[in-house]
Amino acid sequence: MTLKFYNSITKKKELFKPLVEGRVSMYVCGPTVYDHPHIGHAKSYVSFDVIVRYLRYLGYKVRYVQNITDVGHLTDNADAGDDKILARARRERLEPAELVEIYTRSYFEDMDALNNLRPDISPRATAHIPEQIELVEKLIEKGYAYVSNGSVYFEVSKFREYGKLSGRKQEELEAGARIEINPEKRNPHDFALWKRAEPAHIMRWKSPWGEGFPGWHLECSAMSTKYLGEAIDIHGGGLENMFPHHECEIAQSEAATDMTFVRYWIHNNMVTVNGQKMGKSLGNFVTLKDAFKKYHPLTIRFFILSSHYRSPLDFSNEALDAADKGLERMFNTVKRLRQQTDETKNGDSPQNVYEKIGQYKKAFLAAMDEDINTSGAIAVLFDLSKEVNALLDSGKGISKKCLEDINALYQELGGDILGIVPKRKDVKAELEIKWSILESDSGEGDSNMLKDVMQVLIDTRSELRKTKQFQMADFIRNKLTEIGIALDDKPDATAWKKIK
RNA sequence: GGCGGCAUCGCCAAGUGGACUAAGGCCACGGUUUGCAAAACCGUUACCCUGGGUUCGAAUCCCAGUGCCGCCUCCA
């Protein structure tokens, strides 16, 4: 195994070696479910999905935990005001639990559409209050935390290594720079483990310190420990969470266990929209539901994977359009391949084809091994497609077995690992209805009547072409194009598809 | 103010010391194919922000500059 990850805490690419051979424990910070997921979520979770898929492909038994934060972080600063879930629930006149349920479902819906595999465990923060309280108690016992007026704070100065992930030194953290001084804290950088609930605060739980709610870094420490143990292999999340969130997680967990919390920290970069940072508070975020109206979810997945997970990604129509076309090109090849597989009876299985398959596979895996270079891996898939198209064009009789093996390679690399090449469905039906697998509104919507009418038109046009009445033939084709149907004349038949 | 990142063809985007005379996608142009198209295939398009330096050798390392961005407040 030569898989390497860029480890944020060492700032180096490192050979990946899990704690327990053959097993990987992986925790990724999940969404706060107070709104529909946006394209930033897509980038993050597609990136980690591919990491999980690849680890599994390499034979690791992965336990992938991704939390659902259903108790809000605060709206503007760390110490005052409503949390986002409460604010939103109030606005929509819903119970917080109701609100959270709606957006949790929305989240999974969109992640499913993007072809992300579900995490093995999706623990809810509110379902783990006892574990969180227990962790706070432990930190108080060990002298890392103190109670102040019904709240509990972590005393940062007690944890020497605070700052080791983000590179921030405690002395450099400017006191009160953008945080209001909170008189309950001994030091402005101390962070809340448990907050006292004001009377109006609905989401509240009983605790040894009175009624309150957990601080915003606590759930990840508590739940990752519960499901993955005190030391885990991989912790993933967005770059913006490096500080303070992950830094605080390290402090809490390591102070409690005296162990190294995480071996590999993996951070993915952010999405910008037309060059501008996209942020929930900036209000310029694009929800996935909106994006899906314009682009197929697989186009968005492909677009995300066409750059590196540690690079920022700019979401623009031009870039998405380009991705859409690129993906369609790849799909066309796969489709041709599958179609020809069905039609082939017998032929050769040339040795050099198998040699090439081996080379492409090797190049693909080499790219993935280098810190999940999906961009490079996709390039290999395009090289392969060029080769396959040439092979299909060549007219040489290739055996069914050989074509099936090429398809299997697409399925393995583009499907199992990257999740962009759909599984082979009923290709026959697929071809009749739409030749682009990209089309989302699948053929089920097409009535038999439409198919019959199309067949009549195509047959009529074929007759015209046979008798060289090209003007009429072109007239039919042009008229169909105008109403959004494209014709494709092939040597033996004519196919049609709906276009945008 | 502190910490960190990025700058590669018209656009997107890999590559981070030697087979780079720099991958791949989009776009454009030329060709093959086609009745004409579409699709496909072939070909053409970059000295890697600027200026120094290290090295036998740099897009890749170091220094300076310019520009852009992120984090330091919740955010994937």
Side-chain angles (χ1 to χ4, degrees), chain A residues 11 13 28-32 34-35 37-48 72-79 81 83-84 163 166-169 171-174 177-180 216 236-245 267-272 275-282 285 302-303 306-308 310-314 316 318-330 332-333 335-336 363 367 370 373-383 385-386 388-390 392-394 435 465 468-471 473-474 477-478 481 486-491 495 497:
Chain A
K11 298 193 193 305
K13 257 190 215 173
V28 171
C29 287
T32 303
Y34 68 96
D35 205 345
H38 52 68
I39 51 178
H41 293 104
K43 172 162 164 75
S44 182
Y45 300 121
V46 165
S47 300
F48 289 115
H73 302 323
L74 298 163
T75 42
D76 33 31
N77 71 50
D79 297 306
D83 75 44
K84 293 193 168 188
S166 56
R168 261 164 255 251
K169 298 195 175 69
E171 313 83 68
E172 283 169 358
L173 288 166
E174 213 177 316
R178 288 168 83 176
I179 307 173
E180 277 174 58
W216 31 283
L239 205 58
E240 84 288 354
N241 275 330
M242 215 157 153
F243 187 90
H245 185 55
H267 288 97
N268 72 283
N269 218 313
M270 318 297 287
V271 169
T272 54
Q276 272 223 309
K277 181 206 154 128
M278 186 186 69
K280 285 190 177 174
S281 10
L282 295 179
F285 66 87
F302 172 78
F303 173 62
S306 64
S307 82
H308 190 86
R310 280 192 293 111
S311 304
L313 183 69
D314 190 48
S316 68
E318 297 73 47
L320 262 297
D321 287 342
D324 199 48
K325 288 194 179 146
L327 184 62
E328 182 157 16
R329 198 162 98 78
M330 191 187 295
N332 271 335
T333 304
K335 188 150 242 182
R336 281 181 74 192
E370 274 302 312
N373 183 353
T374 50
S375 178
I378 285 172
V380 174
L381 248 32
F382 276 108
D383 287 338
S385 297
K386 193 173 271 193
V388 170
N389 278 321
L392 296 178
D393 277 348
S394 71
W435 92 55
R465 289 176 68 217
K468 300 210 188 292
Q469 293 176 263
F470 296 123
Q471 265 193 335
D474 289 349
R477 187 172 60 193
N478 291 340
T481 308
L487 293 186
D488 172 24
D489 293 328
K490 288 184 242 188
K497 69 168 177 179

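Quick caveat, the model's predicted, so the values are computed rather than measured. Below, read A as the first sequence line, B as the second, and so on, with proteins coming before strands; counting in each chain starts at 1.
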In whole Å, I'd like the distance from the CG atom of A/Asn241 to the P atom of B/U73. 13 Å

Take atom P in B/U45 and the same atom in B/G30, then report the distance between them in whole Å. 16 Å

B/G57 pairs with, by Watson-Crick or G-U criteria that keep both distances under 3.5 Å: none

Counting side-chain heavy atoms from C-beta on, which of B/C41, B/C36, B/A76 comes nearest to A/Thr32? B/A76

So, for A/Val271 and A/Gly40, which heavy atoms are closest and what is the spacing to 0.1 Å? CG2-CA, 3.9 Å

Specify whether A/Phe382 and A/Phe302 have parallel, tilted or perpendicular ring planes, treating 30° as the upper limit for parallel and 60° as the lower limit for perpendicular. perpendicular

Just call it for A/Arg310: base, sugar-phosphate, or nothing, with non-hydrogen atoms closer than 4.0 Å on any strand. nothing

Measure from CG on A/Asn268 to P on B/C6 and round the result to the nearest Å. 16 Å

Residues A/Arg477 and A/Asp474 bridged, charged N to O under 4.0 Å: yes

Students often get this wrong, so: under 4.0 angstrom with heavy atoms, is A/Tyr45 touching a base, only sugar-phosphate, or nothing? sugar-phosphate

Could you tell me which nucleotide pairs with B/A13 by Watson-Crick or G-U wobble geometry, both distances under 3.5 Å, or answer none if nothing does? none

Measure the shortest side-chain to side-chain distance between A/Ile39 and A/Met278 over non-hydrogen atoms and say whether it is less than 4.5 angstrom. yes

Mind checking the C1' distance from B/C72 to B/C11? Whole angstroms is fine. 34 Å

Answer with yes or no whether A/Asp489 presents, from its side chain, a donor or acceptor under 3.5 Å of a partner atom in the base of B/C36. yes

Rounded to whole angstrom, note down the P distance from B/C61 over to B/C48. 15 Å

For B/G24 and B/U44, measure between their P atoms and round to the nearest Å. 11 Å

Taking all non-hydrogen atoms of both residues into account, name the closest pair between A/His267 and A/Leu239 and its distance. CB-CD1, 3.7 Å

Identify the heavy atoms of A/Gly237 and A/Phe48 that sit nearest to each other, and give their distance. N-CZ, 3.2 Å

Nucleotide opposite B/G43 in a Watson-Crick or G-U pair, distances under 3.5 Å: B/C29

May I ask which nucleotide in the shown strands pairs with B/C36, Watson-Crick or G-U wobble, both distances under 3.5 Å? none

Minimum-distance nucleotide to A/Asp488 side chain [options: B/C74, B/G35, B/A38]: B/A38

Assert: residue with more 5' nearest nucleotide on RNA chain B, out of A/Arg336 and A/Gly238, is A/Arg336

When we call it a touch if two heavy atoms are under 4.0 Å apart, what does A/Ser311 touch: a base, just sugar-phosphate, or nothing? sugar-phosphate

Among A/Ser44, A/Ser311, A/Ser47, which residue meets the side chain to side chain donor-acceptor pair (under 3.5 Å) test with A/Asn268? A/Ser44

In whole Å, measure the gap between the P atoms of B/G67 and B/C75 for me. 32 Å

What interatomic distance, in whole Å, is found between C1' of B/A7 and the corresponding atom of B/A14? 15 Å

Distance in angstrom units between A/Gln471 CD and B/A37 C1', rounded: 15 Å

Identify the heavy atoms of A/Phe303 and A/Asp314 that sit nearest to each other, and give their distance. CZ-O, 3.3 Å

Non-hydrogen side-chain atoms of A/Val28 and A/Tyr45 separated by less than 4.5 Å: yes

Protein-nucleotide distance (A/Lys490, atom NZ; B/G35, atom P), rounded to Å: 16 Å

In whole Å, I'd like the distance from the NE2 atom of A/His308 to the P atom of B/C6. 11 Å

Using both distances under 3.5 Å as the test, list the Watson-Crick or G-U wobble partner of B/A76, or none. none

In whole angstrom, give me the gap between the P atoms of B/C12 and B/G17. 25 Å

Any strand is fair game: report the nucleotide pairing with B/U21 by Watson-Crick or G-U wobble, both distances under 3.5 Å, or none. none

Under 4.0 Å, heavy atoms only, any strand: does A/Asn373 hit a base, just the sugar-phosphate, or nothing? sugar-phosphate

May I have the distance from A/His267 (atom NE2) to B/C75 (atom P), rounded to whole angstrom? 12 Å

Which atom of A/Ser307 lies closest to which atom of A/Thr374, heavy atoms considered: O-OG1, 3.3 Å

Answer for the Watson-Crick or wobble partner of B/C68, both distances under 3.5 Å, is B/G5

5' precedence on RNA chain B between A/Phe303 and A/Val271 (nearest-nucleotide basis): A/Phe303

A/His245 atom NE2 is separated from B/C74 atom P, nearest whole Å, by 10 Å

Nucleotides 67-71 of chain B: which of its N/O atoms have a protein N/O under 3.5 Å away?
| residue | atom | partner | partner atom | Å |
| --- | --- | --- | --- | --- |
| B/C71 | OP1 | A/Lys277 | NZ | 2.1 |
| B/C71 | O2' | A/Arg168 | NH2 | 3.3 |

For atom CD of A/Gln469 and atom C1' of B/C36, their distance in whole Å: 15 Å

Classify A/Val28 by what it touches in the nucleic acid, base, sugar-phosphate, or nothing, heavy-atom distance under 4.0 Å. nothing

Would you list the protein and nucleotides 24-28 of chain B atom pairs, both N or O, that sit under 3.5 Å from each other?
| residue | atom | partner | partner atom | Å |
| --- | --- | --- | --- | --- |
| B/G25 | OP1 | A/Arg329 | NH2 | 2.7 |
| B/C26 | OP1 | A/Arg329 | NE | 3.3 |
| B/C27 | OP1 | A/Lys325 | NZ | 3.4 |

With rounding to the closest Å, how many angstrom separate the C1' atoms on B/G10 and B/A46? 11 Å

Which distance, rounded to the nearest 0.5 Å, do you find between the CG of A/Leu392 and the OG1 of A/Thr333? 8.0 Å

Using every non-hydrogen atom in the two residues, find where A/Ala377 and A/Ala367 come nearest and quote the distance to one decimal. N-CB, 3.7 Å

